[in-house]
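Single-structure report; data block below.
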Amino acid sequence: MLLLILLALPLTAGLLLPAARGGRCPVVAGVLAAMGTLVVAVAVAVERPAGQAPLLAGVPAGFGVDGLSAVLVVLVAAVLPACLIVAAAEPELRTGRFSGLMLVFTGAMLATVTATTLAPLLMAWEVMGATSWALIGYRLDDRGATRAANVAFLTTRTADLGLYVAGGALLAGGAAAMALDDTATLDGGWLHLAVAGFVLAALGKSAQLPFSFWLSGAMRGPSPVSALLHSATMVAAGGYLLLRLAPALEAAGWAGPLVAWIGVVTALLMGLVAVVQDDLKQLLAASTCSQIGFIVLAAGTAGTQAGLLQMVAHAAAKSLLFLIAGLWLAALGTRSLSGGLRGAAHRHPAVGAAFTVAALALAGLPPLGLWVSKDAVLAAAAATSPALYAAGLAAALVAACYSGRALWWVWQPAPDNGPHRMRVPMTATAVTAVLAAAAAGAGLLVYGPLSLHPDPAPHPGELAVSAVLAAVGLLIARRWAARTPAARPPTPWLRLEPAARRGIARPVLRLAALLARADDQVLARVPERAAHAVLTLARHTDGHGERAVEGAVSGVADGARALGRAARRPQTGQLHQYYAQASTGFILLGALAVVVIVVR
Amino acid sequence: MLSLIVFLPALVALALSVLPARLGPRAFAGAWTATGLAQLALVLALWTDLPASGYGAVERREWIPSAGISYHLGVDGLSLPLLALTAVVFTATAVHSWRQADRPKNFVLVFLALQTVSTGLFVSLDLILFFLFFDLSIVFMYFVIAGWGIGAPAREAALTFFLYTFLGSLALLLGFILLALAADTPTFDIPELAALNPLAGGGTYAALTLLALGIGLGVKTPVFPFHTWLPPAHTEAPAAGSAILAGILLKMGTYGFVRIAMPLLPAGWRQFALAFVVIGVISVVWGALVALAQNDLKRMIAYTSINHMGYVLLALGAAGMVSADNEQARQLATTGAVYQMVSHGLITAALFLLAGALHTRGHTYTMSAYSGLATRTPHFAALFSVAAFASLGLPGFSGFIAEFQILAGALTATPVATVIAATGILITAALFLLAISRMLTGPVRTPDAPGTPRPFPDLSAPELLSITPLLALATVLGLLPRPVLDVIEPAARTLNDLVAR
């Protein structure tokens, strides 16, 4: 019942809100619904209800809350009101459509993390993708945003096909109810197929390599959308699914190492991509891929609790960073670090301070949240393979570099031309303060619920190493920040999107055009040709056949007429000729009689 | 009861035919709407007392006893949802036609006749009766396309449609005769033939019969490579005609598979199941790819129909592959196939009505002629987006429930074919997103008459009232599938048992 309210409240409110008209009504209603959802979420996390309803033949829709879900439910429900309150600072986002979509988006994520069987998970998963499409393409007159939304939806849906296949594999492998927990016990090859499907879907959703590019385009959407999409929903969903399925990954054998390596490589490479971005939102987006990479790494090394901790700590820091990027964009009209954002932190010290806390947390500086969580992840990696640990440390160093660089620019002396002081609504400032506290203190959660208690716990030595690395990274950033590329269009992300366009989208479109031509010029022509052939045959029958038949008929008539004429010739009317004919006749008859008698 | 449901529209048509044509569209379309609602009410009454197994509301009278032909009607879980779908889609079309300006009286009369034959087909339990309704549907649809289409291409498209599907129906008749003759005492009665199972041994005779049925039903469905009559017919037909053609008439083909081909030729079906799977998968991929290349909205929707009907064939073929002995998987596949018929009927009818609304305003189906409609006509844009997402199989709409069951159920029997078919979901998503971003977003641009900008109003009341219920129903079926599944599942189980025996 409680679960039903949790899911129905944001979804229903979200579907009704677009009808709301005028003024602040949609904003207030949206925030109230989000607050209500948060209250219910806390209750759900405490009560841990579970239940299921019949959906398909033998395939129920199961929902339930365990330690993993409980943390995520609260996290998701907590980020939403923050995003909605800050979004209200932008006039164009004060519509029912925006609030409604955000609520549906969150509702879908809540359903994703509470689903215990595949069918409802897949449903929520895809609804989340579609809502993200609508949110990224929120500005209807911006063709670029629409295109980015299309890329995002199609890329994630490509990966989602994995879930469809996983569903069939679950069924075929003996998990009749398609319960997620049964994945690890599937028979034979179906286990591998199911796990492959799940991994594909999760990597796509959480923008891991090679799918990362969709997240770059997604920056065309409003910043509060990014804040939600990058922290607690969408990209988090992929990480969540892998954490949930960690036992199955292990059972499949190959999946654990594969996932771990994809995670750590993404963390490293996308971190490097982030270092060279001048656009603040692009920098943050690339860093999301990188940080989610740590969660994926944790899932691949059976560090479920560490991954969850990382998810919470990252969500707090990243939602805050995006919200502030949005506030700056609205006030200063730019996202360029070396351009308009130079010295942005001075223009509103409270917001600037919040940004600093979040950026330092992202850098992994002790004692902030991500320092603890990242080390928990790295401890799990170290227990599996030293190479993974080393790669993870390198990625951590890179994270400190890009965070430091962003900080360096926003704390530069502000140029005199911009507005001296920026106006930010009190509510938005309050939200940034709360989130900053959360980002700073997230590490304390290791003393909290059991599902956040990392196992193996990071060694003090490991903690010290990463603390030093973070400091080194920040120093490097301080030294080199000004030399990294200046204002220019968004740096391409490893050229993945052009590759996908050239390698997949264009060939498919060309094939489609080819098939369409074949359809029109070959397939459609066959019946047409057949019809023509029948007509031609008919004409031939008419022209030749008919004439032949007619000729034969008239030939018979002509013959009969000729015979008749011939038969008339002996009738001359002269008696001596009749006698001659009669005597010839008798002679012939006599000869015939003789022949007959002789022969017999 | 069933006779009343079937012939109610025909009776109303008879009554309307004596009224003078000058009464205008409202009178005729109003009467049609009322008929549709009455029929819907009767179908719902039937829904409440459907027997748990076997046929309900059976009516049987002697017709041509010497040939084993009778007037035999009945409903079960396979036909009842389609019966309801017929009533719903025709009623929506009736509402949509409230402002039909061109010869409204004849228009309504032809559609009422079409409604009777469509309803009749889904409740026929006699092969000859089935064939009669099957053929009459072609005749009346010919009149709709030729009479209310646009110009000379319409007549040509109507002729192509008629000849193509009529030839198909001849193959079907041949198959029916072969089936009837296979029994010891020839009979055309479907339940009797199913019980007798005269072709249980398989062999060449059964294979030829299945081939004849397959061609006849495949042309109507349509599946690759018999689909080329569909795009021109849809492009030239009026919006209401397209909605009925795609929403109801295509289902006659797929319904024929579950009602006739599978239960009456189980051995042949099992033997050639793989062929149907392959044809289904080709239809899925081919339909989706060709749709992706279209710039004409109606042609695009027409090709997505081929894609969606391909899933039905894939599921039914997979259900015939008994070797993979997974009862639940076959159950899901067959149920999904029937669900897909209902879902596609609702969604595609809505899409075609929306395309018609676009044509009324811009006089062209070319997508590149429109841009930024989301700002100019928000209601149209909202409904079109909903319909597009429903059609691309987004969860929350009926299409997902159907396609998920089909894919999950078919994977056990044919993993490779199913994975290939799953890519169809992706291509459909791409083509609808492209259509949305071309027509609905960006700067506002509508096709104008030279010199003067043409008014481009948002959806009118009849359009809203006809399209919204269809999409609302697709949403309800997507969120709460149980009521309909409860009806389909027992019948699908019976069907699977018949195929597996």
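Per chain, numbering begins at 1; letters A, B, ... match sequence-line order. What you see is a predicted model; the values in this text were computed from it and never measured.
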> What part of B:Pro232 is in contact with chain A, defined as an atom under 4.5 angstrom from a non-hydrogen atom: side chain, backbone, both or neither?
Replying inline: neither

>> Given heavy-atom pairs under 4.5 angstrom as the criterion, report whether the side chain, backbone, both or neither of B:Leu392 touches chain A.
In response: both

>> Which atoms of B:Tyr339 are under 4.5 Å from chain A, going by heavy atoms: the side chain, the backbone, both sets, or neither?
In response: neither

>> Can you tell me which portion of B:Gln294 sits under 4.5 Å from chain A's heavy atoms? Options are side chain, backbone, both or neither.
In response: side chain

> Checking B:Leu485 against chain A: side chain, backbone, both or neither under 4.5 Å from a heavy atom?
Replying inline: side chain

> Just how far is it from atom CZ of B:Phe397 to atom CD of A:Glu126, taken to the nearest 0.5 Å?
Replying inline: 12.5 Å

>> Between B:Pro481 and chain A, with a heavy-atom cut-off of 4.5 Å, which part of the residue counts as in contact: side chain, backbone, both or neither?
In response: side chain

> Stepwise, does the side chain to side chain contact (heavy atoms under 4.5 Å, CB included) test hold for B:Tyr303 with A:Leu515?
Replying inline: CA-CA 12 Å; B:Tyr303 277 108; A:Leu515 293 187; over 6 Å; no

> A:Asp141, A:Asp160, A:Asn150: which one forms the most heavy-atom pairs within less than 4.5 Å of chain B?
Replying inline: A:Asn150

> Where does A:Leu154 contact chain B at under 4.5 Å (heavy atoms): side chain, backbone, both or neither?
Replying inline: both

> Salt bridge or not for A:Asp519 and B:Arg299, using N-O below 4.0 Å?
Replying inline: no

> Roughly how far apart are B:Leu394 CG and A:Trp133 CH2, rounded to 0.5 Å?
Replying inline: 10.5 Å

> Heavy-atom distance under 4.5 Å to chain B: side chain of A:Ala169, backbone, both or neither?
Replying inline: both

> At a heavy-atom separation under 4.5 Å, does A:Val59 approach chain B through its side chain, its backbone, both, or neither?
Replying inline: both

>> Can you tell me which portion of A:Trp125 sits under 4.5 Å from chain B's heavy atoms? Options are side chain, backbone, both or neither.
In response: neither

>> I'd like to know which of A:Val165, A:Leu509, A:Leu118, A:Leu122 tops the heavy-atom pair count under 4.5 Å against chain B.
In response: A:Leu122

> What residue in A:Gly58, A:Ala145, A:Gly168 has the most heavy-atom pairs under 4.5 Å with chain B?
Replying inline: A:Gly168

> So what's closer than 4.5 Å to chain B heavy atoms on A:Leu56: side chain, backbone, both or neither?
Replying inline: both

> Excluding sequence neighbours, so at least two apart, what forms ring pair (Phe, Tyr, Trp, His ring centres under 6.0 Å) with B:Phe224?
Replying inline: B:His227, B:Trp286

>> Can you tell me which portion of B:Leu332 sits under 4.5 Å from chain A's heavy atoms? Options are side chain, backbone, both or neither.
In response: side chain

>> Please identify, among A:Arg517, A:Met178, A:Arg157, the residue contributing the most non-hydrogen atom pairs under 4.5 Å to chain B.
In response: A:Arg157

>> Checking A:Arg143 against B:Ser371: is there a side-chain donor and acceptor pair closer than 3.5 Å?
In response: yes

> What part of B:Thr335 lies closer than 4.5 angstrom to a heavy atom of chain A: side chain, backbone, both or neither?
Replying inline: neither

>> Between A:Asp142, A:Val127, A:Thr158, A:Val508, who has the most heavy-atom pairs with chain B when the cutoff is under 4.5 Å?
In response: A:Thr158

